[in-house]
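A quick write-up on the structure given underneath.
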Amino acid sequence: GENVEQHPSTLSVQEGDSAVIKCTYSDSASNYFPWYKQELGKRPQLIIDIRSNVGEKKDQRIAVTLNKTAKHFSLHITETQPEDSAVYFCAAASDSWGKFQFGAGTQVVVTP
Amino acid sequence: EPEVTQTPSHQVTQMGQEVILRCVPISNHLYFYWYRQILGQKVEFLVSFYNNEISEKSEIFDDQFSVERPDGSNFTLKIRSTKLEDSAMYFCASSRPSSGNTIYFGEGSWLTVV
């Protein structure tokens, strides 16, 4: 089955700096890669996703890159703000609807 | 914006008891899911449900668990003979085919087994 590795487990950045979180996956059949943000005690919320036919996608301060050959994908947050502080999860899925394999999560702390 | 809703938000139960967690998926969604998150750990897939039957389940989803869509709106997860290690946040989620694999999570039901 699919195995998703996520690094780092914690990330502390100064406000205004960039944050990068990296994930690798094992199943070459995976073709959908969402990123979720989870604040303490809240539901995971989709912030950006990318499909395997695209190499990069951007939405304001958030971008995701995908390298299918190397089986890794990354989340980039630019100009970080304190409200970006949360746990971020990457996930991978193939054509099995909703059967995501999540990474272990990255605790991002943005300090003013 | 429509949301997945879950009840209860928090339930405390005695070990060995049965619990039912309820979910109302987004109304035009056809795929329904349950995920589990043990405190401080990652979100884990339990089961997916489509067309009134289980489409996939993980190794976590053993005979202790069952799901049901008793009517046109509710989607339930039943946990029998609860154990201490069943304590977790249980998230319901739903999706519709035209959105690809994008799923939307409910707020979660926090289950504490004592």
Side-chain angles (χ1 to χ4, degrees), chain A residues 1-10 21 23-25 27 29-54 57 59 64 66 73 75 86-108, chain B residues 1-6 9-10 23 25-26 29-51 53-61 67 75 88-112:
Chain A
E2 176 64 274
N3 182 47
V4 176
E5 299 283 339
Q6 183 172 346
H7 300 279
S9 56
T10 58
I21 304 170
C23 288
T24 60
Y25 62 99
D27 188 351
S30 291
N31 57 9
Y32 175 64
F33 308 93
W35 285 88
Y36 285 84
K37 175 183 180 182
Q38 187 178 31
E39 297 176 358
L40 190 63
K42 300 288 183 92
R43 76 181 91 190
Q45 295 213 310
L46 178 71
I47 55 172
I48 196 167
D49 56 10
I50 191 167
R51 300 185 191 278
S52 58
N53 57 346
V54 175
K57 184 176 177 181
D59 182 4
V64 57
L66 171 64
F73 56 112
L75 178 71
V87 178
Y88 291 81
F89 290 97
C90 64
S94 64
D95 289 330
S96 296
W97 296 97
K99 185 186 175 186
F100 295 166
Q101 185 68 39
F102 280 83
T106 297
Q107 174 76 60
V108 173
Chain B
E1 185 175 327
E3 291 186 340
V4 177
T5 58
Q6 289 185 240
S9 57
H10 188 193
C23 169
I26 295 172
H29 286 191
L30 300 178
Y31 293 82
F32 315 118
Y33 316 90
W34 284 100
Y35 281 78
R36 178 182 81 176
Q37 187 177 30
I38 294 171
L39 186 64
Q41 298 186 23
K42 65 180 176 182
V43 180
E44 301 174 290
F45 170 79
L46 291 179
V47 65
S48 60
F49 191 88
Y50 171 71
N51 200 27
E53 60 182 21
I54 290 173
S55 50
E56 288 205 65
K57 59 183 181 179
S58 71
E59 58 276 7
I60 301 170
F61 194 87
V67 290
F75 179 52
M89 179 74 92
Y90 289 82
F91 290 105
C92 176
S94 68
S95 68
R96 54 185 171 92
S98 59
S99 66
N101 297 31
T102 304
I103 68 171
Y104 299 89
F105 287 91
E107 290 283 2
S109 292
W110 182 249
L111 175 64
T112 302

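We use all heavy atoms of the structure for the numbers below, so side chains are in, but hydrogens, waters and symmetry mates are not. Reminder, nothing fancy here: chain letters follow the sequence lines and each chain counts from 1. A quick note: this is a predicted structure, and the numbers were derived from the prediction, not measured.
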Of the backbone (N, CA, C, O) and the side chain (C-beta and beyond), which part of B/Phe105 lies under 4.5 Å from a heavy atom of chain A, both, or neither?
-> both
Contact part of B/Gln41 toward chain A, heavy-atom cut-off under 4.5 Å: side chain, backbone, both or neither?
-> backbone
Name the region of A/Gln45, side chain, backbone, both or neither, that has any atom closer than 4.5 Å to a heavy atom of chain B.
-> neither
Who are the side-chain hydrogen bond (donor to acceptor under 3.5 Å, both in side chains) partners of B/Glu3, not counting sequence neighbours?
-> A/Arg43
Taking it one step at a time, do A/Phe100 and B/Tyr33 satisfy ring-ring contact (aromatic ring centres under 6.0 Å, His included)?
-> CA-CA 10 Å; A/Phe100 295 166; B/Tyr33 316 90; 7.5 Å; no
With a 4.5 angstrom heavy-atom cut-off, which part of A/Pro44 approaches chain B: side chain, backbone, both or neither?
-> both
Considering all heavy atoms of both residues, which atom of B/Thr102 and which atom of A/Tyr32 are nearest to each other, and what is their separation?
-> OG1-OH, 3.0 Å
How far does OG of B/Ser58 sit from NZ of A/Lys99, to the nearest 0.5 angstrom?
-> 8.0 Å
Counting only heavy atoms closer than 4.5 Å, note whether B/Gln37 contacts chain A via side chain, backbone, both or neither.
-> side chain
In terms of heavy-atom proximity below 4.5 Å to chain A, should B/Tyr35 be classed as side chain, backbone, both, or neither?
-> side chain
With A/Gln101 via side-chain contact (heavy atoms from CB on, under 4.5 Å) - residues at least two apart | A/Glu2, A/Val4, B/Lys42
Using a cut-off of under 4.5 Å for heavy-atom pairs, which of B/Val47, B/Val43, B/Leu46 has the most such pairs with chain A?
-> B/Val43
